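Only one structure is covered here, and it is reproduced in the block below.
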Amino acid sequence: MKKKTVRRINSNVQKARSALHKDKITLFLRKNTWLVMFAVLVLIALILFICVISGWKEDRASSGQAVKEEGSQYEKGFLCSASPTIPIYDKKLNETGNAVRGEAVTFSREDSFKKNDTTYYLSYFADLQYGYVAQENLTDSQDKVVQEKTIYVRTPQNLCLSAEGIQLGNLAEQGTELSVLGYDYLTNGVVHLYKVSYGDETGYISGEYTADTLEEAMEIYDRFGVYMIHSGREDRWGGGDAATLDYYPREKAYYPDNPMPDKVYALYLTCDPLVLANIDKYIEYAKTTNINAFVVNIIDGTSVGYESDVYLEYSPTAYQYANNDPDDYQEVIRKIKDAGFYAIGRLTVFNDSFFVTDHPEYAISDTKGDPLWVANSYWPSAFCRYVWEYKVALALDAVKTMGFDEIQFDYVRFPDGTWDYEANGTIDYHNLYDETKAQAIQRFLMYATDKLHDAGVYVGADVFGETNGSYVAAYGQYWPAISNIVDVISGMPYPDHFSQNGDYKPWLYPYDTVLGWSQKAAKRQEETPSPAKVRTWIQAYDAIRTPYNTYGPVEVGGEILALQEGGIFDGFMAWQALCSLKKMDILKPAFDCLGIPTAEAIAENEARVAEKYKE
């Protein structure tokens with residue numbers, strides 16, 4: 001009797017527990033209806049996706065006949081083509097999109113159809129999209145992804161003799177046919193470097209400079225009338241015409257691990273040891289202003305930053321006269337970067353007396369072969385590729401050993417003041433490929449920019465203020481052509497470098513002078529399809545022409561304001577060759593407000609400076 005009673009009690013307890021459990025479940029479902037619905041939807045989506053992957057078929061379209069082949073239902077492969085993109089179709093052969101070659105895909109041999117002797121396979125892509133791809137665009141080997149056997153040069157380039165190196169081979173002119181031997185890698189379907197043969201030479205050329213057909217290679221790029229803008233600008237001063245330069249758009253660099261500030265406000269430092277010894281003071285000062293970057297000389301003519309091994313190979317004289325030990329120089333750049341500042345290495349290119357001392361055979365010379373002293377320097381010829389290799393090797397070394405975020409090329413031009421030599425036929429530029437000056441400058445910058453982009457840094461180029469005009473300058477600089485190539489273009493519109501017009505002295509009116517200049521430069525920016533950022537050099541020193549007027553916070557602030565109002569303001573770089581800390585302190589109000597400071601701010605700063613530097 002007791003056992004029956006116990007069983008009955010246990011049974012009642014279990015029923016009560018079960019009812020309580022059901023009540024809890026019911027209460028939970030009532031309170032979390034949205035969560036349950038979401039879980040159901042996820043489950044349905046998962047089932048549908050599994051059905052697609054497992055070969056759920058659509059009804060056969062009348063336009064194509066299904067073809068089943070032996071073997072597994074799904075295979076892995078790669079998209080292949082003789083061009084960067086591959087069309088994707090639906091079952092009626094309507095093009096629904098594109099994919100890039102080299103992409104890994106999974107395709108179905110069962111879900112396929114044939115039309116016009118071409119078989120199309122249902123293919124699934126990494127982003128869970130799917131569509132039909134022609135059999136000729138599928139391969140089982142990554143080595144077969146790039147199918148072109150012949151390409152044509154669209155933009156004249158010297159072949160690189162190795163994929164990783166900087167040594168240059170012969171110039172391949174526009175329209176030159178190249179046999180494809182291989183490639184290094186793809187970016188969005190575009191070949192980074194083709195390995196090609198050209199005559200007796202084997203080398204590498206960027207896919208950016210080639211086309212699939214001769215017709216495409218010879219086609220003039222004139223989207224939005226780009227070519228027509230430049231075609232009428234003939235050679236006026238000996239620098240070349242604008243029409244023969246390259247205006248194909250280029251994608252500007254961006255490196256997530258090396259972001260360029262949206263606007264760069266920089267101070268300039270020479271590589272003089274006495275200057276670099278004060279790096280802590282420059283950093284301390286910069287932290288009190290809007291300054292966020294430093295430009296530091298790597299080499300400036302015959303002022304050599306540090307003992308680089310590159311000099312031992314190309315210019316031992318430069319190594320002999322280096323200003324700093326590499327470790328000391330490296331410590332300066334490290335401090336700049338550790339303090340959160342953007343580090344720009346300035347490197348002068350084609351004014352280099354030390355290099356000419358070591359290699360007079362590459363110098364701009366007279367007809368007897370003796371180097372010419374022009375514009376206060378000896379000049380290696382910008383037509384000579386060995387000179388290109390030297391300066392790019394130096395730039396890459398500075399990036400690798402010193403850690404610069406950006407390389408800025410200055411004196412990237414031919415010398416000015418050669419008109420009489422040229423008129424008299426007494427100058428030899430060693431122009432092996434019969435190029436114009438402007439072609440040589442743009443092609444050097446293409447080569448240098450490509451190599452430095454591979455190293456993960458940005459590239460800037462300094463240009464004369466005159467280049468805001470609508471002509472090619474006598475020394476080979478043409479704003480739209482240079483801006484199209486580099487990441488940053490930096491004009492140098494120092495007011496005391498402008499010509500006096502009667503009694504009018506532009507350096508007495510820095511705001512007006514820079515405003516007029518920047519408005520013309522903004523027009524040049526509109527004439528190129530992929531313009532660089534404009535980061536302008538401003539005059540931060542007292543005028544060097546009578547009446548030798550002082551440039552204080554009002555004058556320098558006026559320049560900064562003029563650049564903003566002129567519409568080309570991606571920052572500025574303050575040129576002050578003496579690197580005087582006191583002068584920087586005097587200019588602080590301009591750097592604080594990024595414009596013309598108030599009289600009160602100037603007065604307060606003057607009192608601070610007087611107290612700081614009192615004897």
Side-chain angles (χ1 to χ4, degrees), residues 264-279 281-283 285-286 289 291 293-306 318 321-324 329 332-333 336 341 343-354 375-377 404 406-413 415-416 460-466 490-498 506-507 510 513-514 535-553 555-557 559-560 571-588 590-591 609 613:
V264 170
Y265 311 123
L267 297 177
Y268 165 70
L269 300 179
T270 70
C271 55
D272 187 299
L274 294 178
V275 170
L276 298 187
N278 281 322
I279 188 58
K281 292 182 179 179
Y282 291 116
I283 290 173
Y285 165 77
T289 71
I291 296 298
F294 285 91
V295 180
V296 185
N297 280 351
I298 297 170
I299 183 172
D300 182 11
T302 54
S303 180
V304 180
Y306 60 93
Y321 286 96
N323 283 315
N324 300 279
Y329 188 97
V332 169
I333 308 306
I336 288 172
F341 293 92
I344 305 167
R346 176 175 172 267
L347 189 158
T348 56
V349 185
F350 297 119
N351 69 325
D352 194 329
S353 295
F354 286 159
N376 300 313
S377 180
F404 283 107
E406 176 182 317
I407 294 295
Q408 178 189 101
F409 292 112
D410 200 357
Y411 286 82
V412 58
R413 60 179 177 84
D416 51 328
D462 295 342
V463 296
F464 270 172
E466 177 192 5
S490 300
M492 299 179 284
Y494 306 132
D496 66 358
H497 283 40
F498 283 70
W507 54 95
T513 300
V514 174
R535 186 196 308 146
T536 307
W537 282 103
I538 60 173
Q539 180 174 329
Y541 58 90
D542 297 341
I544 59 175
R545 299 167 72 179
T546 58
Y548 307 108
N549 50 305
T550 298
Y551 267 57
E555 291 76 14
V556 172
E559 294 178 86
I560 297 171
F572 64 82
M573 297 171 290
W575 179 268
Q576 191 227 137
L578 295 178
C579 304
S580 166
L581 274 164
K582 183 176 181 179
K583 183 67 170 179
M584 292 179 187
D585 258 328
I586 292 171
L587 298 178
K588 185 178 184 301
F591 297 151
V609 172
Y613 293 94

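Since this is a predicted model, take the numbers as computed values, not measurements.
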Residues in side-chain hydrogen bond (donor to acceptor under 3.5 Å, both in side chains) with E406, at least two apart?
Y342, R535

With D585 via side chain to side chain contact (heavy atoms under 4.5 Å, CB included) - residues at least two apart
Y285, R608, V609, K612, Y613

Heavy-atom side-chain proximity of Q539 to E559 below 4.5 angstrom:
yes

As a quick check of understanding, evaluate side chain to side chain contact (heavy atoms under 4.5 Å, CB included) for D410 and L347, giving each step before the final call.
CA-CA 6 Å; D410 200 357; L347 189 158; over 6 Å; no

For A286 versus F294, what's the shortest heavy-atom pair and its separation?
CB-CZ, 3.8 Å

Heavy-atom pair with the smallest gap, counting every atom of D496 and D542:
OD2-O, 4.5 Å

For the side chain of T546 and the backbone of Y548, is there at least one donor-acceptor N/O pair under 3.5 Å apart?
no

Side chain to side chain contact (heavy atoms under 4.5 Å, CB included), that's the test. Do V412 and V463 meet it? Break it down for me.
CA-CA 8 Å; V412 58; V463 296; 5.5 Å; no

Any donor and acceptor pair, going by atom type alone, linking the side chain of W507 with main-chain N or O of Y494 inside 3.5 Å?
no

Heavy atoms, side chains only, cut-off 4.5 Å: are I298 and R346 in contact?
no

Check I336 against A343 and note the closest heavy-atom contact, atom names and distance.
CG2-CB, 4.3 Å

Does the Y282 side chain pair with the main chain of C579, one donor and one acceptor, at a distance under 3.5 Å?
yes

Is any side-chain heavy atom of D462 closer than 4.5 Å to one of M492?
yes

Quick one: do V514 and I560 satisfy side chain to side chain contact (heavy atoms under 4.5 Å, CB included)? Show the steps, please.
CA-CA 9 Å; V514 174; I560 297 171; over 6 Å; no

So if I apply the side chain to side chain contact (heavy atoms under 4.5 Å, CB included) rule between Y268 and each of V296, N297, V275, which one comes out positive?
N297

Assess, by modelled atom type and distance only, whether the side chains of Y411 and D352 contain a donor and an acceptor separated by less than 3.5 Å.
no

Just verifying a value: how many Å separate T513 OG1 and E555 CD, rounded to the nearest 0.5 Å?
12.0 Å

For A322, which residues count as a side chain to side chain contact (heavy atoms under 4.5 Å, CB included) partner, sequence neighbours excluded?
V304, E307

Using atom types as modelled and distance alone, determine if a side-chain donor or acceptor of N323 lies under 3.5 Å from a backbone N or O of D272.
no

Hey, could you give me the CG/OG distance between N376 and S353, rounded to the nearest 0.5 Å?
9.5 Å

Note, S303 side chain near C271 side chain (heavy atom, < 4.5 Å):
yes

Minimum-distance pair of heavy atoms, taken over all atoms of A540 and V556
CA-CG2, 4.1 Å

F341 and I283: which non-hydrogen atoms are nearest, and at how many Å?
CE1-CG2, 3.8 Å

Residue pair P493 / T536: nearest heavy atoms and the distance that separates them
CD-CG2, 3.4 Å

Taking C-beta and beyond as the side chain, do F591 and L267 meet within less than 4.5 Å on heavy atoms?
yes

State, yes or no, whether a side-chain contact exists between F572 and W537 at a heavy-atom distance under 4.5 Å.
no

How many angstroms lie between NZ in K582 and CG in L587, if you round to the nearest 0.5 Å?
12.5 Å

Assess whether ring-ring contact (aromatic ring centres under 6.0 Å, His included) is satisfied between Y551 and Y541, documenting all intermediate values.
CA-CA 6 Å; Y551 267 57; Y541 58 90; 7.0 Å; no

Could you check if a side-chain atom of Q408 sits within less than 4.5 angstrom of a side-chain atom of V295, using non-hydrogen atoms only?
yes

According to the interplanar angle, ranging from 0 to 90°, do the rings of Y306 and Y329 count as parallel (below 30°), tilted (30 to 60°) or perpendicular (above 60°)?
tilted

Heavy-atom side-chain proximity of K588 to P553 below 4.5 angstrom:
no

